[in-house]
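Written below as structure tokens is the structure these notes are about.
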Amino acid sequence: MSATENADSRAVNGSQSLVASIEARQAIVGVMGLGYVGLPLASTFHRAGFKTIGFDTDSEIVKDLNAGRSYLEHLPDSEALFRSLADSDMFSATSDMGRLKEVDVAIICVPTPLGPSMEPDLHYVEECTRRIAENFKHGAVPITLGASSCFLIFGLTSGIVFPGQLIVLESTTYPGDLPNLPIPVLCDARY
């Protein structure tokens with residue numbers, strides 16, 4: 001079997017395993033960034049029955065969330081949302097990026113503020129991608145890039161599949177930017 005055939009086989013087996021784990025609600029979902037996009041997304045996965053870990057570099061956000069204190073008052077029923085997450089053994093918030101080793105699916109939801117020329121500033125996305133590369137649980141290189149059957153099944157449009165793992169970029173970036181930013185960072189960290 002050639003190296004390419006072996007890689008393709010690992011990709012198929014890893015993707016099938018991931019799909020089965022997601023369908024059984026056994027996959028652990030990590031959401032990077034617990035702001036107005038990431039927190040509701042983490043809550044949605046939690047309500048759907050997935051063990052969910054929320055990651056944020058702001059330790060005060062993590063402390064408030066774990067204590068059930070709302071920091072996003074504009075969300076409907078924010079007090080109830082924060083309390084339900086804090087009281088659940090299926091959700092935790094952390095600033096410890098080493099816990100990325102626990103997740104099967106990592107979803108990047110970090111800010112992309114506009115720069116002086118109205119272009120998205122991608123340094124948060126790049127930093128988040130580096131942290132994922134440093135801490136994701138397997139040392140495999142990406143096998144399937146771009147749109148794949150796994151993305152089509154879950155309606156995702158941009159992401160990176162490792163054998164048995166999925167990284168989704170939810171943050172706003174340039175159209176077609178996936179191959180230019182996260183993939184090179186992740187590939188460099190794997191060698």
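Small disclaimer: the values here were computed from a predicted structure and weren't measured.
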Going from [atom1] on [X] to [atom2] on [Y], what distance comes out if it is rounded to the nearest 0.5 angstrom?
X: C109; Y: E170; atom1: SG; atom2: CD; value: 5.0 Å
X: T57; Y: R131; atom1: OG1; atom2: CZ; value: 6.5 Å
X: F91; Y: L85; atom1: CZ; atom2: CG; value: 5.0 Å
X: L122; Y: C128; atom1: CG; atom2: SG; value: 12.0 Å
X: T94; Y: L100; atom1: OG1; atom2: CG; value: 9.0 Å

L114 side chain near D121 side chain, heavy-atom distance below 4.5 Å: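 No; the side chains remain at least 4.5 Å from each other.
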Using residues 24-44 as the side-chain source, report each donor-acceptor pair under 3.5 Å to any protein atom, sequence neighbours left out, with the distance given to one decimal.
unit_1 : atom_1 : unit_2 : atom_2 : d
R25    : NE     : A48    : O      : 2.7
S43    : OG     : R47    : NH1    : 2.8
T44    : OG1    : P40    : O      : 2.9

How far apart are the closest heavy atoms of D96 and F55, and which atoms are they?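 Taking D96 first and F55 second, the nearest heavy atoms are O-CE2, 3.5 Å.
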Heavy atoms only: give me the nearest G68-R83 pair and the separation to one decimal.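 Heavy-atom minimum between the residues: CA-NH2, 3.7 Å.
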Salt-bridge test for R99 and E102: reply yes if a basic N is under 4.0 Å from a carboxylate O, no otherwise.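 A salt bridge is present here (some side-chain N lies under 4.0 Å from a carboxylate O).
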Any salt bridge linking R130 with E126? Criterion: basic side-chain nitrogen under 4.0 Å from a carboxylate oxygen.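 Salt bridge: yes.
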Would you please test V105 and V103 for side-chain contact (heavy atoms from CB on, under 4.5 Å) and show each step? CA-CA 6 Å; V105 178; V103 306; over 6 Å; no
Candidate pair F45 and I107, rule side-chain contact (heavy atoms from CB on, under 4.5 Å), full reasoning: CA-CA 11 Å; F45 279 103; I107 304 173; 3.4 Å; yes
Whether over 12 other heavy atoms sit under 6.0 Å from Y124 OH: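 No - once you tally the heavy atoms of other residues, nucleotides and ligands closer than 6.0 Å, there are 12 at most.
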Donor-acceptor check, side chain of [X] to backbone of [Y], threshold 3.5 angstrom: yes or no?
X: S117; Y: E119; value: no
X: S95; Y: D56; value: yes
X: N66; Y: A93; value: yes
X: S88; Y: A86; value: no

So I132 and I108, side-chain contact (heavy atoms from CB on, under 4.5 Å) or not? Walk me through it. CA-CA 9 Å; I132 289 171; I108 302 170; 3.7 Å; yes
same_hphob_cluster(L65, M90) at 4.5 Å side-chain heavy-atom cutoff: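 The answer is no; the residues belong to distinct hydrophobic clusters.
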According to a 4.5 Å side-chain heavy-atom criterion applied to Ile, Leu, Val, Met, Phe, Trp and Tyr, with indirect links allowed, do F82 and V62 form part of one hydrophobic cluster?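 No; tracing contacts between hydrophobic side chains, which count when under 4.5 Å, never links both residues.
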